[in-house]
Structure formats: structure tokens, C-alpha cells
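Structure first, commentary second.
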Number of protein chains: 2
Amino acid sequence: MLEEREITIYDIAKYLNISAATVSRGLKNNPMISKATRKKIMDAAQVLGYQSNAFASNLRSRQTHTLGVIVPRLNSYFMSSALAGMENAANRYGYNLIIAQSLEDAEKEKRNAATMFNKRVDGLLISLSSNTQNINHLEPFFKRKIPVIFFDRVYPHNESTSVGINNFEAAYQVTKHLIDQGCKRILHLGGNVLRNVYQERLNGYRKALQDHHLSFSDKLHLTGPLSEQAGTDAARHILELAPNKRPDAVFSANDTAAVYCMLALQAAGLRIPEDIAFAGFNNDPISKVIAPNLTTVEYHGDSIGHTAATYLINHLKGISDLYATNAITLRADLVIRASSLKNKNPE
Amino acid sequence: MLEEREITIYDIAKYLNISAATVSRGLKNNPMISKATRKKIMDAAQVLGYQSNAFASNLRSRQTHTLGVIVPRLNSYFMSSALAGMENAANRYGYNLIIAQSLEDAEKEKRNAATMFNKRVDGLLISLSSNTQNINHLEPFFKRKIPVIFFDRVYPHNESTSVGINNFEAAYQVTKHLIDQGCKRILHLGGNVLRNVYQERLNGYRKALQDHHLSFSDKLHLTGPLSEQAGTDAARHILELAPNKRPDAVFSANDTAAVYCMLALQAAGLRIPEDIAFAGFNNDPISKVIAPNLTTVEYHGDSIGHTAATYLINHLKGISDLYATNAITLRADLVIRASSLKNKNPE
DNA sequence: TTGTACGCGTTATCAA
DNA sequence: TTGATAACGCGTACAA
């Protein structure tokens, strides 16, 4: 099979009777090279169909202009938005993204991290899997001073920066809103508290209960994967309770579980919000489509992603000091919709 | 700033008083090397904290074990599912994904392709932007025999394979279903016909009309980006028609536009499906959440992605001949839901 | 079974 | 402003 040889800077050099070093410099618009030769080099590169070999360059310069991204799953609205935001930022600054998913499995996350390291990413953006216990698998990065940025599901670590929102505050506001609507028995559908986001949402919920003299009960706290199935299961659980033990509101740590819980309860004849009010988290598109629309917290994946990637790149370019800022907190506002409005519009 | 030097195979070689070549072989479990030395090498690598340098390896072996992926957008349910499917396949075979989005812009797609080429991806998976006119920007890949696989939004090209569904047939079935329900004026909300998927869906729709003696009219064919806004705009257009000119059904080329069109029409007081029946495409999660549930076509992003990536990798490993199969067509079945059921269940 | 020696395509150093 | 030359870390004929 005929394989055309690759065009290298040597070909250009020979073609122009100059040295490869000059070509290398000219290609990168090094001001050291005269404008005339620079143009000659560019033209020749065009004519010969030269394409730079990123590998050789990386090998020599020890920079890949590639960022590693590890996420729990690729196919959630929040995550794909975050990736889109990162891609935008990365693309603007000439970086590429190499993306892997842990599928909520700490072991796979470990392997992903090792691969990223071997591929010599310039930096790592990571949101932890639900059962990751520690970050020993990131040690190689820390040792070699390869910057790591946590986003969304973060980890306390004083040589990294975290990008996220104030989950405690948001959960507090959601819960307070439900209480303001007259709800007294609010069930919390939460995620694995190993992850800060779920622990903090739980804490915010509990604090709001406490501040309003409502007691917390284990019976009103369900933990799970926050999947469609988890939402449906929660509904079944609720329906199995004696009517006087049933919650009058549900605060779910994400919209998916909230929506599927709503659907199942509605199918069983319960009215929302009259019988049970609802609030979720993330402002997923389905929250605007379900009837009644779901009260939720606006959590902009693209902002998180864009911010995290931009911050990382600035650090790589020496524009900012990674360790100066330990946490970046973005806004996440409550979005009140019909599913939680027990009091008819107090006009 | 103290930078620890990288551990290389030379360090291992020196440490064990053997040659670097032996280390290189041992690390890859080359059976040529005695089992004892192989073990010694592995242990030493462990002890010294050796991490292979993928770049040097790539430079030498001319393989990156990296696949390029270019998609119109990252943050749609279909695409993120496709990416998830690809990541699964890639990960299983030791490949990585480097992902970029064209944002429906041919120019950005061009730049993305050039970057991927320079990074020497082993193969390319691409779904074209809505306004891409030709594939000249992929010529470098074809010239160097780097395999390109089109998925979803494909392009006729006899040195590549395409992975998708039978859009014509699916659209035909959707339209026929609406006709079977008694609909006579079916509006089609379509995408840019530059892309095969939208052209074929349009064709299937027209053929179904024709086969059932319904006339096609330009008035009943809207083209746009199939976004939320496009759905809302379509609703306004419908409401502005004289009641006797209004369609009695809408077949949208995706679920997003269908759902936002439904919401706007419902807000204006129209009943679905009684006044207007609806059908979409993709089986997006929102189709199961909207009331009434949306009739749609099941289009599995993850299968498409997994199939495309697996096929590409098999080709790279020499297991299959890329050019033997020009198109892989996956199933896409009609999912009938309440939004299109004009005839009350004919029990 | 192992070692020697060279090349992959680029960038960095030093000299001119 | 340019050129010569040596790395970068690994893989592989070829020799031993």
C-alpha cells in the first residue's frame, strides 16, 4: 500500500535552501526571523502541503495543549453543557479536550486518570464519581505540578482550585421556599453524601428545617443515584406510606429524579402541588416541560465549564496563580415554578 | 520551582543494569523477553514510578490511540449519548477521544479538522455541521488514508463508512401513522436539507403524502434550526393562519422543536391531539415528560456512537476492511404516544 | 534472549 | 538574523 511520506520542516528547509531551525521559527511567527523569510516559509509550507506534527513538538517542548476531562457521565444535560463550555474556552485558546467518563465508578476514574497522565495532558478538569473515596489517583499530577481543577463534585485539596456553586445556600433557599408555602413534611431525595454537592444540599435542607422549627427525620431522607428509576422508586415509597405519614413536599437533589417521581405520583392520582409540592435542582430542560413546571435551582453547566477551563488555561499561561484562589463560586438562583406554589398567587 | 525530572526507560535500564531496548520490550510484555526479566522490569517501573510517555511512543510508532470526534454541538441529548457510546467503545480498546464541536459552523468544523489532523488522530468520527457544503477539509485525512467515519449527519463518499438510520423510512412511517389517524393537513417542521437526515425525512414525509393522495404544499413545510425558539416560532406561524388553513398535525424532525411548539399552542388554547396531533424524532427524554407524551422515533445515540467507534477501531486493528461496508444502518422504530392518537384507543 | 545504534519531527542551545 | 547540532523518550532493525 502506497504511503506518501510526511512533509516535514526539513522538506521546507531544503526547498528554500535554509535551515530547519529557521523554518521552525518562521512557522511560529518568531519575530527574530525577518518578515521576508517568514513569508517565504509560510508560502512554501502552503505549497508543499505541510502539516505540523504535534507529537514531535510536544516531545520537545513538553506541552501538549491538551486538557484532560473526567466526568461521571457524558450524557446528562448538566455535564454536556459543562463540556460545551469547556470546549468553547479551550478552542479559543488553542487547546483541545480529551474526554473520558468514569460511569460513577472509582476504579474506572483511576484508570482514566492514569491514561490522561500518560498522554501528558497539560492540565486536568475533573468531577468525581459518586463512590470515589480519596484522590490518591491524582497524586502523579500533584507530584509533577500538573494543575488539577475540580468542578461541580469537588474535593478539598489545597493545591487545586474548585469551581462550583454554593450548594448549601441553594438548598437552604429551596427548602425555605417550600416551608414558606406552608409545607411541613418535606422529603429530601438526595445523592451519595460522599460527594460534597449532595452532602451540602442535605445540610442546607436540614438547616432550613431547623431554622423553621421543623424536625428532621431519617424517614424523610432518601439516598440514591437520582436516576429516573430512583425517582420512580421514591414515588412508590411515598405511596406506601400511611396517608398521614406522607410528605407534603419533595425536594430532590436533581431534576431527573424529581420529574419521574412527579410522573409516578400523578399517575397514582396525587395532585401537584396541592397534595405534594415539588422542587428539584439543575434547571434541566425537562423541568420546563413537565406539568406543572418544576421549581428548581438554575445551575449553569456551561458557565461552570467555561470558568473552570479558562481558569486552568490562564494558569498554564502563567496569567494567574492557581493556588491563589482555592474556590470559585458561581451563582445559582432559585427558579420558582408552579410545582411548588401551594399558595395561589398572592396577588 | 523545583521540577522533578521524568522517569524514563533509561532510568529503569540503568537501575537494572540492562539495556533500554530490553526495558522497552519488557514493558510491553514482549514474549521475546524472559519472564524473569519482564517481572524485574515491571517491578522496577513500579518502584521508580515510571509512567510511559505516550508522545515519544507515538512519534516512533506513528499511532496515537486517539480518535478525533467532531460534532455540531456537545449539549444535545442525542449527541451526548452518541459520545457516551463512543467513549465506551474507545475505552474498552485502549483508545481515547478528543472532542470538538463545530457549533453548526462550517468554518469552525474546518479548523477542528485541521487540529485533529495535526494531533495525528488515528481516525476521525464526524457528524457534519448544518451548513457544511463539501468535505474538502477532510482531504488531508483521505490522502493519508486516515479513516473517517460519518455518523448521523453523513456525506456520500466512497472511501468512508457511514453509520446512521433509515431516515426516509422512519419519516414515512411517522407520516403514515398520522394519516392513519385521520390527519389531512400535516405540517413538516424540518432542518436544513443540506444535511441528509433532514432531506431524507422530508422525502419520506412527501412520499407518504403522495402514497395516500394528499398533496404537498410549501405552506406546510417550515425549515429552521429545530431549536426551542424554532418550535415556538412555528407555533406562532400556525396560530396566525386562518383556522381553516391550519394543519391538523405536525411532524417535526426533532423532539425539541415539537415540544416547544406544543407548549406554545397549548398556551394559546389548542388541544393536543384533538386540534393538532404531534410527532417528533429522536425519543429525547422530554418526549416522555411532555403532556400528552410525544409520538416519536427511537434513535439511539449510544448505539450509533458505539457502532461507529467500534467499527473504526476494528478497521484500525485490521480486523475489518473499512471500504467493504459503505453504510451501516441501525434500527429506528416508531414510538407511538398520546400526542398523535386522534382515534381514541380502538379497543 | 538481550544489546547496539539509529531514527521519528520538532525545538533549544549555542555559535556564527 | 540565521545555521549546526544536540536533545526529547521511545521502538526496532540488526547484530550478538
Side-chain angles (χ1 to χ4, degrees), chain A residues 3-42 44-45 48-66 94 117-122 140 144, chain B residues 3-42 44-45 48-66 115 117-122 140 144:
Chain A
E3 270 293 328
E4 301 178 32
R5 216 183 54 73
E6 194 124 357
I7 306 287
T8 74
I9 53 171
Y10 286 105
D11 297 316
I12 301 181
K14 206 175 302 168
Y15 181 76
L16 293 177
N17 274 318
I18 58 180
S19 82
T22 305
V23 174
S24 173
R25 296 180 183 118
L27 251 16
K28 298 166 59 195
N29 266 311
N30 188 323
M32 220 187 260
I33 304 297
S34 79
K35 229 165 174 245
T37 18
R38 248 188 290 170
K39 169 140 178 52
K40 273 201 313 193
I41 293 170
M42 288 304 196
L48 299 179
Y50 169 80
Q51 295 273 1
S52 80
N53 185 331
F55 286 114
S57 167
N58 293 337
L59 178 58
R60 198 47 235 219
S61 65
R62 306 178 152 286
Q63 282 205 41
T64 61
H65 288 275
T66 300
F117 185 86
N118 288 348
K119 293 234 167 171
R120 297 298 190 269
V121 295
D122 288 349
R144 297 215 46 107
Chain B
E3 270 292 330
E4 302 177 32
R5 215 183 56 71
E6 192 124 0
I7 306 288
T8 74
I9 52 171
Y10 289 102
D11 297 317
I12 301 182
K14 207 174 301 168
Y15 181 76
L16 295 175
N17 274 317
I18 58 178
S19 82
T22 306
V23 175
S24 172
R25 295 181 183 117
L27 250 16
K28 300 167 59 195
N29 266 313
N30 188 323
M32 220 189 261
I33 304 297
S34 79
K35 223 155 189 274
T37 14
R38 249 188 288 169
K39 171 139 179 52
K40 273 201 313 191
I41 292 171
M42 288 304 197
L48 299 179
Y50 168 80
Q51 294 274 359
S52 83
N53 185 330
F55 286 114
S57 168
N58 293 336
L59 179 59
R60 205 40 243 215
S61 65
R62 307 179 150 285
Q63 281 205 44
T64 62
H65 288 277
T66 300
T115 311
F117 185 85
N118 288 347
K119 293 234 167 172
R120 297 299 192 270
V121 294
D122 288 349
R144 297 215 47 104

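Lettering follows sequence order; numbering is per chain, from 1.
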How would you list, by chain and number, every residue that makes a side chain to side chain contact (heavy atoms under 4.5 Å, CB included) with A:Thr37, sequence neighbours excluded?
-> A:Ile33, A:Ser34, A:Lys40
Whole-Å distance, B:Lys14 NZ to C:dT4 P, equals 14 Å
Who pairs with A:Phe117 by side chain to side chain contact (heavy atoms under 4.5 Å, CB included), at least two apart in sequence or on another chain?
-> A:Arg120, A:Pro140, A:Phe141, A:Arg144, A:Ile146, B:Gln51
B:Lys28: what forms a side-chain hydrogen bond (donor to acceptor under 3.5 Å, both in side chains) with it, not counting sequence neighbours?
-> none
Partners passing side chain to side chain contact (heavy atoms under 4.5 Å, CB included) against B:Thr115 (at least two apart in sequence or in another chain) = A:Asn96, B:Lys119
Can you tell me how far P of D:dA7 sits from CZ of A:Arg62, to the nearest Å?
-> 14 Å
Bend across the helix from C:dT1-D:dA16 to C:dA16-D:dT1, to 10°, with axes taken over 5 pairs at each end?
-> 30°
Taking all heavy atoms of B:Ala20 and all of B:Ile9, pick out the closest pair and write down the distance.
-> O-CD1, 3.9 Å
May I have the distance from A:Ile41 (atom CD1) to C:dT11 (atom P), rounded to whole angstrom?
-> 12 Å
Rounded to whole Å, CD1 of B:Ile12 lies from P of C:dT2 at a distance of 15 Å
Please check the phosphate of C:dT2 (OP1 and OP2 only) for any side-chain N or O of B:Ser19 closer than 4.0 Å.
-> no
How would you list, by chain and number, every residue that makes a side-chain hydrogen bond (donor to acceptor under 3.5 Å, both in side chains) with A:Lys39, sequence neighbours excluded?
-> A:Asp43
What closest approach, in Å, do A:Ile41 and A:Thr22 show between heavy atoms, and which atom pair accounts for it?
-> CD1-O, 3.6 Å
The correct set of residues in residues 49-61 of chain B placing a heavy atom under 4.0 Å from DNA chain C is B:Leu59, B:Arg60
First of B:Ala20 and A:Ala20 reached from the 5' end of DNA chain C, by closest nucleotide | B:Ala20
Assign each of B:Thr22 and A:Ala21 to its nearest nucleotide of DNA chain C by heavy atoms, then name whichever residue's nucleotide is nearer the 5' end.
-> B:Thr22
Report the C-alpha distance between B:Leu27 and B:Arg38 in whole Å, list the side-chain angles of each, state the deciding distance to 0.1 Å, and finish with yes or no for side chain to side chain contact (heavy atoms under 4.5 Å, CB included).
-> CA-CA 7 Å; B:Leu27 250 16; B:Arg38 249 188 288 169; over 6 Å; no
Would you kindly give the NE2-to-P distance between B:His65 and D:dC10, to the nearest whole Å?
-> 15 Å
Can you tell me the distance, in whole Å, between the CG atom of A:Asn118 and the P atom of D:dG9?
-> 14 Å
Between atom CG in B:Asp11 and atom C1' in D:dC8, what is the gap in whole Å?
-> 13 Å
May I have the distance from A:Ile7 (atom CD1) to C:dG9 (atom P), rounded to whole angstrom?
-> 11 Å
Return each pair, listed once, that meets side-chain hydrogen bond (donor to acceptor under 3.5 Å, both in side chains) where at least one residue sits in residues 55-65 of chain B; pairs must be two or more places apart or across chains.
-> B:Thr64-B:Asp122
Can you list the residues that meet the ring pair (Phe, Tyr, Trp, His ring centres under 6.0 Å) rule with A:Tyr50, with sequence neighbours excluded?
-> none
So, with a heavy-atom separation below 4.0 Å from DNA chain C, the residues of residues 23-36 of chain A are A:Ser24, A:Arg25, A:Lys28
Can you name the side-chain hydrogen bond (donor to acceptor under 3.5 Å, both in side chains) partners of A:Asn53, sequence neighbours left out?
-> none
Listed nucleotide nearest any side-chain atom of A:Thr37, set D:dT2, C:dC8, C:dT10 = D:dT2
What residues form a side-chain hydrogen bond (donor to acceptor under 3.5 Å, both in side chains) with A:Ser52, not counting sequence neighbours?
-> none
